[in-house]
Amino acid sequence: MTPITEVEGRRLPLSNLEKVLYPATGFTKAEVLHYYATVAGVLLPHLRERPVSFLRYPDGPEGQVFFTKNVPPGTPDWVTTAEVPRSEGPARMVLVEDLPSLMWAANLVAEFHTHQWRITDPGQADRVVFDLDPGPPATVVHCCEVALWLRERLARDGIEAYAKTSGSKGLHLLAAVRGSSSEQVSDYAKALAVEAEKAMPRLVLHQMKRSLRPGKVFVDWSQNAARKTTAAPYTLRARAEPLVSAPVTWQEVEECRSPDRMALRAPDIPPRLQDFGDLLAPLLDPDEAGTLPEQHT
């Protein structure tokens with residue numbers, strides 16, 4: 001029988017707890033659930049009021065991997081859902097608002113991906129994001145170099161950036177913004193990506209041209225589009241090892257000389273939270289949000 005666990009008064013069937021989901025390390029589904037329960041206090045604030053897309057990998061990263069954007073069949077009626085505007089017509093998506101909802105979603109075995117806007121005001125972006133993706137032989141070390149340039153450039157516009165690993169090969173930059181639509185934020189992000197390419201032409205690309213990718217860092221600004229999503233902070237990723245999209249300090253970015261320095265796994269996160277707390281907490285404070293330059297509003 002599937003064991004039933006009670007979480008804050010909600011009864012949850014948790015299945016296949018001994019199943020190995022990360023074959024390279026033997027990390028099991030039970031350990032995945034334990035990880036999410038441990039980091040819930042910092043993860044949930046970054047998920048609340050944001051419709052979630054799930055990248056599911058129920059048989060591990062070597063099995064079938066697929067996106068679930070609409071409310072999955074069998075979703076408990078106590079899980080919050082919301083109607084989300086889309087170009088092809090409104091759809092209903094999940095909102096992960098509390099610990100029972102998080103543990104229910106974790107039991108699906110999925111990455112958590114969120115938009116750069118909240119359901120309370122879908123027409124207004126509250127984050128700008130850059131996904132720095134290295135084309136081999138470039139690595140996350142080169143992404144760190146680009147991230148430092150972007151941090152300084154954003155600061156000139158009064159916008160403070162924060163970094164997290166992608167949980168894969170690259171690095172994500174995020175900043176809180178206010179007063180602009182997703183389209184305006186996308187235009188601004190693209191302009192900065194173009195600037196970065198002009199400043200570092202041997203290292204940076206702002207367009208996805210596969211023939212030009214080797215040895216360069218693609219500054220993907222397109223995830224600011226209202227329809228797009230990005231891996232949420234603290235989500236596990238569907239990789240051979242239980243890698244996490246985890247916040248890092250700017251000192252770590254500055255001192256990165258090896259890709260291994262940016263490979264953070266689930267067991268690494270609780271000690272980091274003890275040492276640093278949530279490095280992305282300022283993103284949650286509306287008073288910390290910057291505004292785009294006038295030409296982009």
Side-chain angles (χ1 to χ4, degrees), residues 22-25 53 55 57 60-67 111 113 116 128-154 161-175 185-225 227-233 235-265 268:
Y22 292 90
T25 62
S53 293
L55 181 64
Y57 53 107
E62 296 175 355
Q64 187 179 12
V65 179
F66 56 96
F67 261 110
E111 298 181 2
H113 291 243
Q116 318 310 324
V128 57
V129 63
F130 297 90
D131 181 359
L132 308 184
D133 186 16
T139 68
V140 71
V141 175
H142 302 92
C143 294
C144 288
E145 184 179 342
V146 178
L148 292 167
W149 186 93
L150 284 167
R151 179 197 187 194
E152 183 178 326
R153 178 61 187 83
L154 286 159
Y162 300 86
K164 67 181 179 77
T165 65
S166 68
S168 181
K169 301 176 296 180
L171 200 67
H172 294 163
L173 253 63
L174 304 96
V185 172
S186 292
D187 289 344
Y188 173 68
K190 180 180 180 180
L192 264 59
V194 170
E195 277 190 50
E197 184 174 324
K198 289 179 179 176
M200 297 173 282
R202 296 186 177 182
L203 183 59
V204 174
L205 285 175
H206 82 279
Q207 291 180 310
M208 174 62 91
K209 292 183 178 178
R210 293 202 176 274
S211 61
L212 301 177
R213 289 295 307 280
K216 293 194 175 184
V217 174
F218 172 45
V219 178
D220 186 358
W221 50 270
S222 70
Q223 292 179 30
N224 294 285
R227 70 183 186 281
K228 294 280 193 79
T229 59
T230 304
T235 188
L236 280 160
R237 303 303 304 268
R239 300 292 182 265
E241 297 183 61
L243 292 165
V244 175
S245 185
V248 289
T249 68
W250 281 112
Q251 182 175 345
E252 288 175 305
V253 174
E254 290 167 356
E255 295 176 355
C256 182
R257 300 293 181 269
S258 166
D260 291 342
R261 296 287 298 274
M262 291 290 159
L264 297 174
R265 298 163 180 84
D268 299 324

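For the single chain, residues carry numbers from 1 onward in sequence order.
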Shortest non-hydrogen contact from G167 toward L243: O-CB, 3.5 Å

T165 side, atom OG1; H172 side, atom NE2 - distance, nearest 0.5 Å: 8.0 Å

Candidate pair V244 and D268, rule side-chain contact (heavy atoms from CB on, under 4.5 Å), full reasoning: CA-CA 9 Å; V244 175; D268 299 324; over 6 Å; no

Closest non-hydrogen atom pair between G170 and C143, with its separation: CA-SG, 4.1 Å

Pairing residues for T230 by the side-chain hydrogen bond (donor to acceptor under 3.5 Å, both in side chains) criterion, not counting sequence neighbours: Q116, Q223

side-chain contact (heavy atoms from CB on, under 4.5 Å) between L154 and F130, intermediate numbers included: CA-CA 11 Å; L154 286 159; F130 297 90; 4.1 Å; yes

side-chain hydrogen bond (donor to acceptor under 3.5 Å, both in side chains) involving R265 - partner list, sequence neighbours excluded: E241

Selection residues 188-208 - residue pairs positive for salt bridge (charged side-chain N to carboxylate O under 4.0 Å, His left out), sequence neighbours left out: R153-E195

Partner set under salt bridge (charged side-chain N to carboxylate O under 4.0 Å, His left out) for R239, not counting sequence neighbours: none

Side chain to side chain contact (heavy atoms under 4.5 Å, CB included) against A163, all qualifying residues, sequence neighbours excluded: L173, V248, W250, V253

Residue list, ring pair (Phe, Tyr, Trp, His ring centres under 6.0 Å) with Y188, at least two apart or on another chain: H296

Residue pair W149, V204: steps toward the side-chain contact (heavy atoms from CB on, under 4.5 Å) verdict: CA-CA 11 Å; W149 186 93; V204 174; over 6 Å; no

Test ring pair (Phe, Tyr, Trp, His ring centres under 6.0 Å) applied to F67 - qualifying residues, sequence neighbours left out: H113

Counterpart residues, salt bridge (charged side-chain N to carboxylate O under 4.0 Å, His left out), relative to E145 (two or more places apart): none

Distance, nearest 0.5 Å, that separates NZ of K164 from CG of L264: 11.5 Å

Contact summary for G60 and V65, nearest pair of heavy atoms: O-CG2, 4.5 Å

Residues forming a side-chain hydrogen bond (donor to acceptor under 3.5 Å, both in side chains) with S222, sequence neighbours excluded: D220, K228

Shortest non-hydrogen contact between A225 and S186, atoms and distance: N-OG, 3.2 Å

E254 CD: over 12 foreign heavy atoms closer than 6.0 Å: yes

Main-chain N/O of H206 paired with W221 side-chain donor or acceptor, under 3.5 Å: yes

Side chain proximity check, E252 to M262, heavy atoms < 4.5 angstrom: yes

For A175, side chain to side chain contact (heavy atoms under 4.5 Å, CB included) partners two or more places apart: V128, I159

side-chain hydrogen bond (donor to acceptor under 3.5 Å, both in side chains) partners for R261, two or more places apart: none

Indicate every side-chain donor-acceptor pair of residues 133-141 with a distance under 3.5 Å to a residue at least two apart or in another chain.
unit_1: D133; atom_1: OD2; unit_2: R213; atom_2: NH2; d: 3.3
unit_1: T139; atom_1: OG1; unit_2: V141; atom_2: N; d: 3.1

Side-chain heavy atoms of L132 within contact of L150, under 4.5 Å: yes

